[in-house]
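To start, the structure itself, in structure tokens.
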Amino acid sequence: MRIFKFGGASVKDAAGVRNVVKVLKQVGYQDTLLVISAMGKTTNAMEQIVDAYFNDKNQLEQAIDVVISNHKTILNDLFEIKNHEIHHKVNALIQEFRGFLMWNKSPKYAFVYDQVVGYGELLSTTIVSAYLNEVGVTNQWLDVRELIKTDNSYRDAHVNWNRTQKEVLARVNIGELNITQGFLGSDENNFTTTLGREGSDYSAAILAYCLKAESVTIWKDVPGVLNADPRHFDETELLHQISYREAIELAFYGASVIHPKTLQPLQGREIPLHVKSFLNPKQQGTTVGKGVKILPEVPCFIVKKGQVLLKLSSLDFSFIVEENMSEIFKLFHDYRLKVDLLQNSAISFSVCLDNTFNGLKEVLPLLEQKFKVTCHHDVSLYTIRHFDEHSVEKILNGYSVLVEQRGKETVQLVVK
């Protein structure tokens, strides 16, 4: 079985959904499992609903209406008959999350987030599945929450691999076209969980691992894995092939094409990963596999913007030793601050953090009780794999460097 993952950009409108059909007819779709994300910017719109629910109830209906309007526009473009069954299915899903917001008593943001935001994927796949059937591409719709079982770490759930494999093997029909959602799972109480933003790639890898798939293909709006993100760098090159290890390194440092968790289950089964363009499905794209050299051998640039740089130093010039370090890292863990770079000396410690979950506000006063703390907000972390001096100079031009760290193959620069 093959796994195809289509992201939000590929199904952002009716034309995108029609193009998915075109891709499937060009490359074949028997014995295939489609993993599909929410349409376009729906996840952002669902997040606005959650924010309004907690912070401004007066804006809640307006936020819901944005989601309804976007999906109704796509529905009306794809299906001619206004009372088509798909309209009833979509309305039922909308009423489900409306109902949750009415009866929910939990004050926990992460829990509510997962119960609401996941409807973006459910709406998307319901519409795409119906359209595929409408044009003669028969498929089985599957609820991924019945397949991927997790703990209850809402917004960043951990997979229960044994239960997941059992459910996947029992529910996926080999030899047919199946369609399911990315990003989602469920805990032991059947509440929806999510696997982290951009977790649909990870979903595809989980399902591939359980099914011992022949391959995974991620369909993107770029020709494959590039040596730099074209949104941030003017000159980019397509990488025709890279190894699992290289891809894991790039993902760890923040390359946006491949989700950081995606490669590990694929490497475990030696399942090749293809990254290809849904605009040009016959083009080669990039293949990620075992033990292959990066081709071509060029520097790879990664940037993470909106980071926070903390510089800690001891108040009495004593050493920052293991006890201090363990206490610092426990705070980062407890408040979900992701460490992207660290550098320490005898009496100081610098760390570049991803503050996605907004834990820094609580952490700073705790750190200031024991350390002198300097905090630089909105810094950028540049990572260059296979760097040379010319590639470093390109980044240094026009920036103030706060931290520089070099290894044999990788240089990292925190700049302001």
Side-chain angles (χ1 to χ4, degrees), residues 47 50-56 105-114 117 150-158 187 193-199 251-254 260-261 302-383 399-407 410-416:
E47 288 176 338
V50 179
D51 286 342
Y53 175 79
F54 278 101
N55 301 316
D56 189 355
K105 302 298 183 186
S106 174
K108 295 181 179 179
Y109 185 94
F111 172 77
V112 174
Y113 179 100
D114 279 10
V117 171
T150 73
D151 66 5
N152 60 359
S153 299
Y154 300 109
R155 295 193 72 186
D156 192 21
H158 303 102
D187 64 17
T193 56
T194 62
L195 304 175
R197 283 300 301 264
E198 309 302 330
F252 172 78
Y253 289 121
K261 296 178 182 176
I302 302 157
V303 60
K304 283 186 170 183
K305 294 182 178 290
Q307 304 291 289
V308 178
L309 179 67
L310 290 185
K311 292 192 173 185
L312 312 179
S313 57
S314 55
L315 295 172
D316 58 0
F317 292 97
S318 61
F319 292 156
I320 293 184
V321 292
E322 288 81 357
E323 182 181 349
N324 303 123
M325 299 283 279
S326 62
E327 184 178 354
I328 292 167
F329 275 90
K330 185 178 187 305
L331 284 174
F332 293 160
H333 172 77
D334 290 346
Y335 290 91
R336 304 177 81 176
L337 291 162
K338 183 178 180 294
V339 176
D340 288 324
L341 175 145
L342 61 91
Q343 192 173 81
N344 69 293
S345 67
I347 60 172
S348 68
F349 176 78
S350 297
V351 59
C352 188
L353 298 168
D354 186 327
N355 189 34
T356 299
F357 295 102
N358 298 313
L360 186 65
K361 184 177 179 180
E362 285 74 25
V363 167
L364 280 177
L366 299 174
L367 291 173
E368 287 168 346
Q369 292 174 14
K370 288 195 171 185
F371 306 98
K372 178 184 177 183
V373 180
T374 303
C375 183
H376 299 272
H377 292 277
D378 199 26
V379 301
S380 295
L381 171 62
Y382 283 88
T383 303
Y399 286 115
S400 172
V401 178
L402 302 175
V403 176
E404 179 175 341
Q405 196 169 91
R406 293 189 182 221
T410 305
V411 63
Q412 291 191 282
L413 306 164
V414 180
V415 302
K416 184 74 172 177

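The first residue in the sequence is number 1, and the count goes up from there. Below, all heavy atoms of this structure are taken into account, side chains as well, without hydrogens, waters or symmetry copies. These numbers come from a predicted model, not from an experiment.
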Is there a side-chain contact between Val351 and Leu312, using heavy atoms and a 4.5 Å cut-off? no
Tightest non-hydrogen contact, residues Pro107 and Phe54, listed as O-CE2, 3.5 Å
Discussion item. With a 4.5 Å cut-off on side-chain heavy atoms, are His376 and Leu402 touching?
Written reply: yes
When rounded to the nearest 0.5 Å, the distance separating CG of Asn355 from CG of Asp378 is 11.5 Å
For this session: Indicate whether any N or O donor in one side chain lies under 3.5 Å from an N or O acceptor in the other, for Asp51 and Tyr109.
Result: yes
NZ of Lys311 to SG of Cys352, rounded to nearest 0.5 Å, is 11.0 Å
Indicate the ring-plane relationship of Phe349 and Phe329, choosing parallel, tilted or perpendicular according to the 30° and 60° boundaries.
-> perpendicular
Problem set entry | Any side-chain heavy-atom pair of Thr383 and Asp340 under 4.5 Å | no
### Message
Run the side-chain contact (heavy atoms from CB on, under 4.5 Å) test on Cys375 and Leu360 for me, step by step, so that the C-alpha distance in whole Å, both residues' side-chain angles and the decisive distance to 0.1 Å come before the verdict.
### Response
CA-CA 10 Å; Cys375 183; Leu360 186 65; 4.2 Å; yes
Is it the case that the side chains of Thr194 and Asp114 hold a donor-acceptor pair, with the cut-off being a distance below 3.5 Å and no angle test? yes
What one should report as the nearest heavy-atom pair of Val373 and Leu364 is CG1-CD2, 3.9 Å
Interatomic distance, OG@Ser313 vs CG@Asn344, rounded to 0.5 Å, equals 13.0 Å
Next item on the list: Kindly indicate whether the side chain of Arg155, heavy atoms from C-beta on, has any atom under 4.5 Å from the side chain of Val117.
Entry: no
Validation row: Leu381, Asp354 side chains within 4.5 angstrom (heavy atoms): no
4.5 Å side-chain heavy-atom contact, Val339 and Leu353: yes
Is Lys416 atom NZ crowded by more than 12 heavy atoms from other residues, nucleotides or ligands, each under 6.0 Å away?
yes
CG (Leu413) and CD (Gln405) are apart, to the nearest 0.5 Å, by 10.0 Å
Do Leu366 and Tyr335 have side chains that get closer than 4.5 Å, going by heavy atoms? yes
Is the shortest heavy-atom distance from the side chain of Leu341 to the side chain of Gln307 under 4.5 Å?
-> no
All heavy atoms of Ala157 vs all of Leu195, minimum pair found to be O-CD2, 3.9 Å
### Message
Quick check against the 3.5 Å criterion: does Ser153 have a side-chain atom that pairs as donor or acceptor with the backbone of Asp156?
### Response
no
Give a yes or no on whether His158 atom NE2 has more than 12 heavy-atom contacts from other residues, nucleotides or ligands under 6.0 Å away. yes
dist Lys370:NZ -> Glu327:CD (nearest 0.5 Å) comes out at 3.5 Å
Rounded to the nearest 0.5 angstrom, the CG-CZ distance for Leu315 and Phe371 is 8.0 Å
Check: Within 45 degrees of the axis of the six-membered ring of Phe252 and under 6.0 Å from its centre: does Lys304 put its NZ or CZ there?
Finding: no
